[in-house]
Structures are given as structure tokens and as C-alpha cells.
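Let me begin by presenting the structure, written as C-alpha cells, before commenting on it.
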Amino acid sequence: MFGQLLLGATGAIFFGLGVVSVYDPEIPAGWSGIFIASQDAYAEIAAMYGGQIAIGSILLASAFIKEYFKAGLWLLFVIISYMGAARAITVFRELDSKFEVAGSQVGIELTASFTDYTWGALGFEVVVAILALVALLNRPR
């Protein structure tokens with residue numbers, strides 16, 4: 001039941017984002033701060049983000065078709081883990097860090113200009129990846 005809910009919810013999110021992206025590529029581009037500079041870029045955003053319709057469709061089918069359940073959970077785990085890993089690598093590579101020693105105290109300061117969009121997406125990806133792994137490990141045999 002938990003795995004089906006996870007597949008259904010994330011499938012709906014992927015599907016919905018894909019539909020919005022095909023309808024108007026400026027919407028997801030605006031969320032992430034991407035400036036669309038050419039007609040080619042419009043097509044690219046529509047194709048890459050809109051392609052999530054396919055992922056969403058597979059996840060939704062996996063939530064309702066028993067034979068696809070395990071494969072759907074694996075697909076969700078792999079896709080969301082790689083998305084999260086790619087985002088995390090970029091975020092942590094771009095963080096400015098300072099280590100200051102003042103007396104006996106060590107202070108660590110991390111600064112970056114990433115917005116709530118990036119941190120929220122990264123959090124979503126990490127949480128969903130963990131939940132997908134838990135669902136995989138606890139699924140009925």
C-alpha cells in the first residue's frame with residue numbers, strides 16, 4: 001500500500017510537471033531561474049521537462065498494475081537518486097566554504113546563492129529516494 005501511494009504520488013508529480021512543461025516551457029524555466037534565450041531553448045525545455053510525462057505514466061501504471069510494481073519502485077529509486085545526486089554534486093561543488101579558528105572554537109560558514117527551489121528539489125529527491133528504497137525493501141514478496 002505504501003509503495004503504491006509513493007508511486008502514485010510521484011507519478012502524478014512527474015506527469016503534471018511534464019504537462020505544464022509542454023504547455024508552457026516558461027513556467028518550469030521560471031521556477032528554476034532559467035532564461036529561455038531562443039526557440040531552440042523552448043523546444044529543449046519542453047522536451048526535457050515534458051519528457052517527464054513518460055516517467056510519470058510509467059510510475060502511475062506501476063502503482064496500479066501488480067506486475068509492474070517492483071520494477072516501478074526500482075525505476076523511481078534509480079531516477080530520483082540520480083537526479084538528487086546530480087543536483088547535490090552541483091550544489092556542494094558551488095558552495096563557498098570558510099573554516100575559521102578563533103581561540104579554541106572552530107566556525108564553519110557555508111554560503112551559496114541557490115534558492116529555495118534548488119534546496120526544496122534536493123530535499124524532495126533525497127526523501128523520495130529513501131522512501132522508494134524503504135518501499136522496495138519492505139514490499140510483499
Side-chain angles (χ1 to χ4, degrees), residues 1-102 104-141:
M1 178 70 174
F2 169 72
Q4 288 177 298
L5 183 60
L6 182 64
L7 286 168
T10 54
I13 290 168
F14 275 98
F15 188 89
L17 177 59
V19 169
V20 167
S21 301
V22 171
Y23 173 73
D24 186 354
E26 286 191 25
I27 294 171
W31 292 335
S32 59
I34 296 172
F35 173 71
I36 302 177
S38 69
Q39 292 302 102
D40 292 329
Y42 271 94
E44 187 67 15
I45 295 292
M48 297 312 298
Y49 281 69
Q52 292 186 20
I53 293 171
I55 297 168
S57 297
I58 292 167
L59 296 176
L60 285 167
S62 298
F64 297 106
I65 301 172
K66 185 178 181 177
E67 292 80 15
Y68 294 171
F69 180 68
K70 180 181 174 184
L73 285 174
W74 273 111
L75 180 67
L76 176 59
F77 174 69
V78 170
I79 287 173
I80 208 79
S81 294
Y82 277 88
M83 289 172 69
R87 192 181 313 271
I89 288 167
T90 302
V91 165
F92 292 114
R93 181 178 49 216
E94 298 298 320
L95 283 178
D96 295 325
S97 60
K98 296 179 186 176
F99 296 93
E100 298 176 3
V101 178
S104 62
Q105 296 182 355
V106 175
I108 299 172
E109 177 184 338
L110 298 174
T111 60
S113 57
F114 293 103
T115 65
D116 290 343
Y117 170 84
T118 295
W119 295 112
L122 182 57
F124 172 79
E125 290 155 355
V126 168
V127 168
V128 171
I130 291 168
L131 293 175
L133 183 59
V134 168
L136 269 169
L137 296 174
N138 293 317
R139 75 183 190 288
R141 306 270 182 233

Find the distance between [atom1] ([X]) and [atom2] ([Y]) and round it off to the nearest 0.5 Å.
X      : Y      : atom1 : atom2 : answer
Glu26  : Trp31  : CD    : CH2   : 13.0 Å
Leu133 : Leu137 : CG    : CG    : 4.5 Å
Leu76  : Leu136 : CG    : CG    : 8.5 Å
Ile65  : Leu60  : CD1   : CG    : 10.5 Å
Ile34  : Ile45  : CD1   : CD1   : 4.0 Å

Mind listing the closest non-hydrogen atom pair of [X] and [Y] along with its distance?
X      : Y     : result
Gly50  : Ser21 : N-CB, 3.7 Å
Leu17  : Gln52 : CD2-OE1, 3.1 Å
Asp24  : Pro28 : O-CD, 3.3 Å
Gln4   : Phe69 : N-CE1, 3.5 Å
Phe114 : Thr90 : CZ-O, 4.1 Å
Leu59  : Gly72 : CD2-O, 3.6 Å

CA sep, side-chain torsions, deciding dist, call: Met83, Ile79, side chain to side chain contact (heavy atoms under 4.5 Å, CB included) | CA-CA 6 Å; Met83 289 172 69; Ile79 287 173; 3.7 Å; yes
Crowded around Tyr117 OH? As in, over 12 foreign heavy atoms under 6.0 Å?
->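 Atom OH in Tyr117 is crowded, with more than 12 foreign heavy atoms closer than 6.0 Å.
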Check whether more than 12 heavy atoms from other residues, nucleotides or ligands sit under 6.0 Å from atom CZ of Phe64, and answer yes or no.
->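 Atom CZ in Phe64 is not packed in, count stays at 12 or less.
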Go through the steps to decide whether Ile58 and Tyr68 satisfy the test side chain to side chain contact (heavy atoms under 4.5 Å, CB included), and finish with yes or no.
-> CA-CA 9 Å; Ile58 292 167; Tyr68 294 171; over 6 Å; no
Evaluate the criterion side chain to side chain contact (heavy atoms under 4.5 Å, CB included) for residue pair Ile80 and Phe14; output intermediate values, then yes/no.
-> CA-CA 11 Å; Ile80 208 79; Phe14 275 98; 4.0 Å; yes
Would you say Leu75 and Ser62 make side-chain contact, with heavy atoms under 4.5 Å?
->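 The answer is no, as the side chains (C-beta and beyond) never meet within the 4.5 Å cut-off.
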Could you check Phe124 against Thr10 for side chain to side chain contact (heavy atoms under 4.5 Å, CB included), going step by step and ending with a plain yes or no?
-> CA-CA 10 Å; Phe124 172 79; Thr10 54; 4.2 Å; yes
